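FYI, the numbering just counts along the sequence from 1. It should be emphasised that the depicted structure is a prediction, and the values quoted were computed from it without experimental measurement.
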Amino acid sequence: MQQGHSKVKFRYSIYALSIRHGLTLAIPFITVGAFALLLNNFPLTAYQEFLASFLNGALSAILTVIYEVTLGSLAFVLLITISLSYGKLSSVEEVMFYPLMAGASYLAFCGGIKQQGEYIFGAEWVFTAMCITLLSCVLFRKGIKLCSRFRRLHTIGAEYLFNQSILSIIPAIIIVTAFAALGYTLRAVWGDSNITNFGSYLFLRIFSGIGGNLPGILLYVLLSHFLWFAGIHGTNTLEAVSQRLFEQGVDVNQALVAAGQAPTQIYSKTFLDTFVFLGGCGCALSLVLALCFCARKSHNRKLARVALPSALFNISEIAVFGLPVIFNTTMLIPFVAAPLVMTLTSTLAMEMGLVPLVTKSVGWTVPVLASGYQATGSVAGSILQLVNVFIGMLIYIPFVRRSEEQQSEEFCSAVRQMETDMAAAEIRGITPRFLENSYPCQSYAQTLSMDLKIAISRNQLQLYYQPQVSEGNQLHGVEALLRWKHPVVGFIAPPVVVNLAQESQVMNEMTYYVLRMACRDAQELDKIVRHPVYMAVNISPRQLEEEDFSETVLEILKEYQMGKVHLVLEVTERSVLETSDRLMERINRLRKAGVEFSMDDFGMGHGSMVRLQENLFDEVKLDGNLVTQLMDNERSRDIVSGIMQMSSSLRFRVVAEFVENEEQKQMLESLGCTIYQGYYFGRPVELDVLLEGIQAG
């Protein structure tokens with residue numbers, strides 16, 4: 001993640017992110033369908049008899065429907081999720097048009113939904129559906145941008161959604177017509193309706209001269225995993241290939257055994273599902289175990305625990321999409337190498353006679369160990385599975401560690417970039433929008449936003465306290481400063497945390513969390529101070545305008561008896577605070593309860609003067625720029641002197657922040673300032689360190 005965002009890797013392009021996000025959104029539906037298939041086909045005679053007899057097979061019928069509308073309709077599911085993800089990444093306004101455009105384009109390309117020879121939303125159509133989806137979304141996005149230039153298409157005074165629909169008419173006509181014409185032309189030229197599923201058609205042509213031998217199965221494994229790596233369900237896309245090359249292997253062996261002869265066919269679909277695709281694509285069970293035993297990051301270990309139950313039944317999506325493996329070049333080598341190695345080890349074991357050949361078809365959802373025994377009729381089949389899983393885990397381990405390092409580096413780089421952007425935006429007086437689709441680090445910001453919500457719910461945010469000192473180095477008070485130590489990134493700049501909380505709409509929750517923590521800590525401070533002191537807590541002006549803010553603060557004060565410690569709510573001067581009778585009523589209620597108000601970043605602007613005239617604040621904190629420029633800027637000294645004169649007539653305290661040396665302190669003292677805060681008097685520290693320092697002083 002380079003400064004200026006000049007280089008954007010394909011992995012973080014809108015195309016790759018659309019696929020990754022779409023696949024992630026599809027996980028619940030894929031998982032539901034896979035487990036419905038598992039429950040409907042679990043190879044236990046008593047269980048199957050129960051399914052057949054229970055309500056005359058109603059339960060089995062329901063499970064079949066669930067499978068057909070989820071995993072059995074994978075092309076449809078991914079068409080919706082990928083187009084929706086693309087729409088959200090490209091434009092919030094037109095986001096709902098993208099699934100409609102993708103669906104219409106796909107149906108137009110396939111020649112409609114009626115009189116189709118096969119189900120065009122099935123899993124084997126995934127490659128075609130994903131290609132048409134992305135292409136139609138790209139064309140629609142360009143069409144909308146082009147049409148937005150024509151002002152005649154805009155109807156003044158009409159509903160916003162109506163205008164968006166009008167803008168979409170021309171792109172929709174052109175794109176749907178183009179796909180309909182393209183599909184019709186392909187079918188007419190080739191004279192084959194199956195050409196519409198060009199993914200399956202293409203791969204059948206690739207394998208046309210290859211038999212179901214070792215080179216054929218290695219090519220199949222290699223190609224299917226490259227497709228998976230690109231976000232395309234390789235095994236489903238190559239379903240027609242596996243049926244042609246490997247479907248008959250078990251039938252041939254069974255016929256030979258029935259005739260009293262030894263089986264001869266090593267390779268079959270059951271061979272792949274049982275000994276190569278352990279845990280699903282990429283030998284996902286080996287990946288999950290590598291994460292369980294070797295992952296250093298807590299989120300990866302948690303991912304492994306979540307993914308393990310499904311991987312045992314050969315459902316790999318949670319592990320593959322969650323890490324993620326998709327478009328992750330670091331994981332490409334083990335993802336492809338593990339199944340290739342397992343193909344070779346399984347072939348060698350069967351050719352040497354260590355493991356019997358597969359003589360029974362086994363469903364791909366049958367769990368590991370059980371499937372090995374059932375397929376071969378021997379414990380040796382289960383032992384081979386264990387050996388393969390162990391080998392796969394050894395292959396994955398070094399790449400898992402490298403991937404974790406890469407994840408951390410990219411995440412840290414993105415967060416540092418957010419901090420840089422935040423600091424630059426504060427100088428310009430604007431607020432960056434980290435969660436908007438246009439922000440380059442948006443996906444990381446979303447992750448950080450979710451982590452923040454969890455951190456608040458789990459009490460993982462911290463408060464550090466910076467002392468405020470008055471004349472004679474006497475403790476005047478402390479300011480509570482929010483700190484969040486992220487488990488991956490470390491400490492994150494508080495302005496970024498606050499901005500994310502506002503964008504994520506958890507600002508109130510975080511503020512009340514901070515207030516409770518500060519009031520609780522104030523009780524500990526009260527035990528050791530001998531005179532009244534102040535506890536300053538930052539709040540947003542928007543929260544003062546909330547109906548229930550004052551009530552919540554009063555409830556917190558009742559819950560925590562703070563004694564000699566007085567609560568000060570600190571509001572930045574640069575924020576907009578619209579005064580009203582209701583607002584004044586809320587502020588006065590808090591004041592009656594002993595709460596005081598401080599204006600942070602105080603200067604000599606018009607807004608500052610108005611706030612002081614309204615008698616809203618008991619204290620002001622000098623703008624840090626004034627303090628840091630005191631020694632070299634006479635104008636800054638004049639401004640501070642004027643503020644001090646006003647403070648005596650308007651009766652408010654003045655606190656000087658960013659005091660870093662004795663010279664600044666003496667200059668402020670000569671100008672009449674008597675309350676200081678800054679590194680010269682103490683850095684922000686945890687509560688126990690603060691208390692030890694006060695007791696020692």
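Under the 30°/60° scheme for interplanar angles, the aromatic rings of Tyr86 and Tyr15 are found to be tilted. Using cut-offs of 30° and 60° on the angle between ring planes, the pair His225 and Phe277 is tilted. Between Phe203 and Phe127, the two ring planes are perpendicular [angle over 60°; tilted spans 30° to 60°]. Trp228 and His233 have tilted rings, their planes meeting at an angle from 30° to 60° on a 0 to 90° scale.
When side chains are defined from C-beta on, Ile30 does not count as touching Thr70, because their heavy atoms never get closer than 4.5 Å.
The two residues Val368 and Asn314 have their closest heavy-atom pair at CG2-OD1, 4.1 Å. For the pair Ala129 and Tyr106, the tightest heavy-atom approach, listed with the atom from each and the gap, is CA-CE1, 3.6 Å. Annotation for Ala36 and Tyr67: closest pair CB-N, 4.1 Å, computed over non-hydrogen atoms. The two residues Tyr119 and Glu124 make their nearest non-hydrogen contact at O-OE2, 4.3 Å.
A salt bridge (charged side-chain N to carboxylate O under 4.0 Å, His left out) check over residues 270-285, counting only residues at least two apart or in different chains, returns the pairs Lys269-Asp273. Residues in residues 347-392 take part in no ring-ring contact (aromatic ring centres under 6.0 Å, His included) pair, two or more places apart or across chains. Pairs of residues two or more places apart, or lying in two chains, never qualify as salt bridge (charged side-chain N to carboxylate O under 4.0 Å, His left out) while including a residue from residues 343-364.
Looking only at atom types and distance, the side chain of Asn388 has a donor-acceptor partner in the side chain of Thr345 under 3.5 Å away. Looking at Ser371 and Gln385, their side chains do bring a donor and an acceptor atom within 3.5 Å of each other. Between the side chains of Tyr267 and Thr347, a donor-acceptor pair is found at a separation under 3.5 Å. Asn197 and Thr128 share a donor-acceptor pair across their side chains, judged by distance under 3.5 Å alone.
A side-chain donor-acceptor contact under 3.5 Å links Asn253 to the backbone of Val358. A side-chain donor-acceptor contact under 3.5 Å links Ser310 to the backbone of Ala307.
Heavy atoms from other residues, nucleotides or ligands lying under 6.0 Å from CZ of Phe97 number more than 12.
Pro99 is linked by a side-chain contact (heavy atoms from CB on, under 4.5 Å) to Ile80, Ser83, Leu84, counting only residues two or more places apart in sequence or in another chain. Residues that satisfy the side-chain contact (heavy atoms from CB on, under 4.5 Å) test with Ser449, not counting sequence neighbours, are Leu435, Lys453, Leu500, Ser504. Annotation: side-chain contact (heavy atoms from CB on, under 4.5 Å) contacts of Asp451 (sequence neighbours excluded): Phe411, Thr447, Trp484, His486.
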### Task
Step by step, work out the ring pair (Phe, Tyr, Trp, His ring centres under 6.0 Å) result for Tyr98 and Phe140.
CA-CA 8 Å; Tyr98 284 88; Phe140 183 69; 5.1 Å; yes
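Salt-bridge formation is not detected for the pair Glu404/Arg401: no Lys NZ or Arg NE/NH1/NH2 atom is positioned less than 4.0 Å from an Asp or Glu carboxylate oxygen.
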